[in-house]
Structures are given as structure tokens and as C-alpha cells.
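Note sheet for the following structure.
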Amino acid sequence: MSNAPVTPAPPATGYICRFCRLPSDAGGLSCPNCGAPVDVRAAVSDSGWVEQPAIKDMAKIQFGQSVCQIEGTLVPSADFALAAGEGVVFSHHTLLWTAPGTHLEPWAKGSFFNRMYAGMPVVLMRASGPGHVALSEDHPGEVVALPIPAGRGFLVREHAFLAASDSVDYTWQNSPVWLQVQKGNESEFEYPVGPYLDVFVAGGGSPGLLLLHCPGNLFVRDLQRGQAILVQPGSWVYADTSVTFGLHAEYPASGGVRWGSYDYRTVWMRLQGPGRVAVRSIFEKPERYAGLVGSSGMSLRRW
Amino acid sequence: MDRLECQWCHAQNPPEARSCEHCGAPLDRAALVSDSGWREAPRLRDMAKFQFSNSTCQVEGELVPVAEINLSPGDGVIFEHHTMLWKDESVPVGVYPLGGGLKRSLGGMPYVVTQAGGPGRIAFSRDAAGEIVTLLLHPTMEIDVREHAFLAASHSVRYSFERIKGLANILHGGSGMYLDRFVTAGEPGIVLLHGYGNVFERTLAPGEKILLEPGGYLYKDSSVTMQAVQLNVRTGVFRHGMYLAEMTGPGRVGIQSMYHHHASE
């Protein structure tokens, strides 16, 4: 797998989708690779975050010979029309409906004890064509489609995964950011983005499609080599595999008073380029980490 | 000029209408139907109004919409009391005559169903993002609705609840012990549901089947049968095969895309 950030391929049709960065069809209403609307201007904040536009209701995304249609806008569902010999992998709890003839089977991957320990679905499912299957999550938000060129990949936070074409290799790695905190007489490990990161790579020389469900809105930016940004750990959604992760703690100026210092400390996740990173607008409430005794490496600043 | 037929409720509307006068569905937007045959319930425009009997309902908001009902004298609505958002002080409320309070409590449903009468205004909403679905009931129509989806129904609708048949269906069907049943007898009526997330409907032909995540089921015509079926797919190391709700036509089936079992249930 290459560590270089995903860069656009040379334009084949004169149009490169600004969201999936692949040659696309400017004649349609939406990009056939990622479903992003063709006829919208990029909404870019002054600070450089690009808002991922919601996939239009009933937009279709092609992968292999199969098609995924995104239905709804509030809690969109992904309705797959699977061609014979093709399939998608997903977590069983996202299954909304299936046609009776669609073949469903368990799809086990790696150590289930690790997954169970991490609170992740132990057994994934694979639906194979021909047939229909539809998936949805349980939060208002957006479905984000990430076509993956052959040999490329993404790091994704736990529980954001909705589905992947079966040409995508799905593994996970230990989280690069962790804290060791004192609780009573014992110390515990805390993981600001969960104990594992999902890793999706389009292997075998074939491209693939990855669908994520993002509660709230999603914002994306490209970090240059060495450029860093601090984000709430709970808001991070995905990144190119070239992005590196770290922790940074800040204490606001308090006029010399130090009451339970963890009460006012902010633990950030530092994302450092090169590569693409994405955050969501709904995120979990930050943990209050008392009594830090160790970490994966954390810089510190007292204002 | 020809009158406009609403694609959702099939009622006739004057040609200048932008929203259906009977269900609030936008008339100037084409119905959205997926390739697999699911029709998306129309998202009601903010402040859209529609009429039932001599009363009106205005839908306000888009993320967690509110149904505000202006009741005429002699008209009324029935509802679960916890969905009441506000009301005019003068609007009387009472208990809807319904037996089986203990059974309802055991089934996790509100002990009583409440009714309010006109004249005056009363408003309802549920507690999560979603959309209001208006279902027009013509005489002799019967629909079954999952627990905790019912927002309000007009006074001409008769409300009851049906115990779900079969232990497997109760334990694994994902719809609780009871289904809310709505029937009209003499005159048409309207039922307002709150669907969590987006709502989709399809009409099954006689004998046609579809497998649903049980928590995704929202409503069905009473002619549609529902049966929990176990798939030979284990979802965990020590778990049994997963259950889905097999719906068999003929009739309409409505589903919601956010099928999490909410804390309010």
C-alpha cells in the first residue's frame, strides 16, 4: 500500500470530481463513483474545510457491475443492486431489508476476541448477488462514499463503517493514540478514538467502494506535508494512510489557580499531513482523563 | 383545468395547490421511487397545511417536525399523552375509552390513550429526527402500526391494539407485544405517524415477500402478514441466527431508515 496521499488521476473526460478525485461524468446529476452532486459549488470555509455535499436522494453509485442507490436525506439508506458474483460486506446491525433471494453469509475476519474486547461486531456479513440488500445506520447524518483506487486505502474510526465492496480488504490496527490514567490504585488505558482503527485497502489490483455513515455533517481538508491540525478525537472520521496521529493537551490560563487540573484540560488529537482528513460535526463528549501516568506520546501546553 | 391527483394519498386537489389539501404532500415534486421499488414518503414542506373533517393540521419544522392541529368544534384527535407538545388552555383532554390498560402497561405502552376536542389548537411531536407520515384511511381500511410511532389520529378513526401472534414474533419480531391498529368505519380519517429517519413504502403483490430488519418496520395494511424468520446466519460467536421480519402481501408496507430502539420506548 502506498503511503502517498491520494492524488487526482489525469482528467479523462475533462472533469474530475472534486470530492472523490476520480475522473467523472460531468453530464450527469451526480458523480457515478461517489454520488456527490455535480452541479454544486464547493462549500469551503475560510479556514479551508470543504463541506462534503450530501448525496442527492436516489443518486446512484456504480461499482463493478453493481449499483448502490442512496435513498433518503435524513438517515439515508444504501440500497445495493448486486450483480452476480459481486458482494458487499457490512455489519449485521445495519441491515434494513433484503430481497428473499439475496445470499447472506457470515464473514469472519481476524481475532474475534480482539473485536469483542473493542466493542466491535464480532462477525460481519456478506451479501452476494444477484439480489438486493439495503443498509442504514441509526443517526441522522450522511452516507459518505469513498471509491478506493487499486492499492490505496483509508484509516477509519470504529463504528463509522457502513459497507464495503468485497474487493476491499478490511483489517484493523491498534490505535496509535492512547492514554494511561490512574483510577484508584490501578491504572487503565483509555483510547480517545477507540482501541482500533479500521483499515480499508483496495487490494488485488481492483478498485473498491467504501461507504461510511457520518452522524451530522462531514468536512474534509488536505494537509500538506508537515502541516498539522488539532481536532476533537471524537470528531475524526477518516484519513489517508499517510496521515500521522498524535495527542496534544492544553491547559487554559487560569490565573495561577489549579483546581482539579483535568477539569479544564483539553486533550486534542493532532493530525499531521500529508494527506486528507475528515471530521464530523456530531461527536462524542470528550472524556475527563484524570491522573495521566502515560501516553502514546503527547505534547503539552499551558497557556 | 384538470384537478391534481396527489401521488401519495391519491386525493384530488385544485390545480393551483402546491401541497395536497388532504395529506400535505408536495404536489409539484415527482414521487421518488428507488429501482428496487420503494417509494419515499413525501417530506412535507415546512408550514404545509392540510384538512381533515373541519379541522386543519399544519406541519412545522423539518428535522423533528411538529403537527399543530386547529380543531373545529365537534372534531377531535386521539394521541399518546407524552407526544403532546403544547395546547390552548381551553382545549379539553380526556381518556379515550379503551380496555386493557394493564396489558398495555405490560407491553410497554402508555396506560391510557388520550383524546382532545375542539375548538382550539394542540400540537404534537416525537423525540427524534424523522418525518411525519400522513395516512388517509377510507372506510373499511385497517392499518397496523408499530408501537411508539403513532403521533395522532382524527376522531373518526377507531384505535385498538392487537397482540402479536406467536411467541417467536413477540420475542424476535422487534415490534414489541402489540401493534396499534387503526380502522375507519363511517367516514374517512387520518393517522399521523412519526417515522424515525426517512420513511419508505412499497406495495406487495399477493404472496410477494420482503425481509425487513424488525426495528425498521413502521406500518402495514392489515392484509399484510408479518412473521419472524430466523436466518441461518450467526451474528456472534455464541449467538443464534439473526431474525428478520418476513412481510407477505398483498398490501402496503412502510419502513423507517433509523430503526434504533429509542430510549422513549
Side-chain angles (χ1 to χ4, degrees), chain A residues 56-60 66-82 90-108 111-113 115-116 120-127 131-141 143 213 215-216 282, chain B residues 29-43 62-65 128-131 195-200 202 204 207-218 229 231-239 241-248 253 255-262:
Chain A
K56 276 194 174 125
D57 205 353
M58 301 292 166
K60 292 180 191 174
S66 304
V67 174
C68 172
Q69 189 166 28
I70 304 298
E71 300 160 5
T73 51
L74 205 55
V75 183
S77 77
D79 176 352
F80 292 91
L82 297 170
F90 56 95
S91 176
H92 75 277
H93 72 271
T94 63
L95 178 65
L96 180 61
W97 63 266
T98 178
T102 308
H103 181 67
L104 300 175
E105 61 188 345
W107 190 80
S111 162
F112 56 76
F113 284 116
R115 293 181 66 82
M116 213 155 45
M120 298 165 79
V122 175
V123 177
L124 297 173
M125 292 181 75
R126 179 178 186 271
H132 274 273
V133 66
L135 314 172
S136 69
E137 264 287 358
D138 58 358
H139 299 285
V143 169
H213 178 88
I282 291 180
Chain B
R29 292 181 200 156
L32 294 172
V33 183
S34 72
D35 289 356
S36 53
W38 289 96
R39 179 168 62 150
E40 192 170 329
R43 281 194 76 75
E62 292 176 328
L63 200 56
V64 185
E131 54 189 340
Y196 292 99
N198 291 107
V199 175
F200 304 92
R202 74 190 284 173
L204 299 176
E208 187 183 359
K209 295 178 190 296
I210 189 83
L211 296 168
L212 304 181
E213 150 60 38
Y217 157 69
L218 181 62
V229 294
L231 298 189
N232 189 25
V233 178
R234 291 181 185 276
T235 56
V237 180
F238 305 112
R239 295 181 192 165
M242 73 184 290
Y243 281 86
L244 294 177
E246 183 185 72
M247 317 298 276
T248 306
V253 175
I255 60 172
Q256 55 190 359
S257 62
M258 188 167 70
Y259 47 83
H260 180 70
H261 292 225
H262 299 274

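A note on names: the letters A, B, ... follow the listed sequences, proteins ahead of strands, and every chain is numbered from 1.
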Segment of A/T73 engaging chain B (4.5 angstrom heavy-atom cut-off) = both
Please tell me if the side chains of A/W97 and B/I255 come closer than 4.5 Å, counting only heavy atoms from C-beta onward.
-> yes
From B/N198 CG over to A/D57 CG, what is the distance, rounded to the nearest 0.5 angstrom?
-> 7.0 Å
Side-chain donor or acceptor of B/S257 paired with backbone N/O of A/V75 under 3.5 Å | yes
Hey, is the main chain of B/D35 close enough, under 3.5 Å, to the side chain of A/Q69 for a donor-acceptor pair?
-> yes
Pick one of side chain, backbone, both or neither for B/V33, based on which atoms fall under 4.5 Å of a heavy atom in chain A.
-> backbone
The interface call for B/I210 against chain A, heavy-atom contacts under 4.5 Å, is both
Are side-chain heavy atoms of A/L74 and B/R43 found at a separation under 4.5 Å?
-> yes
Can you name the nearest heavy-atom pair linking B/Q256 to A/L96, along with the distance?
-> O-CD1, 3.5 Å
Heavy-atom pair with the smallest gap, counting every atom of A/G72 and B/F200 = N-CZ, 3.8 Å
Min side-chain heavy-atom separation A/M58-B/S34 under 4.5 Å = yes
Identify the heavy atoms of A/E71 and B/E40 that sit nearest to each other, and give their distance.
-> C-OE1, 4.5 Å
Do A/L95 and B/L244 come close enough that some side-chain heavy atom pair is under 4.5 Å?
-> yes
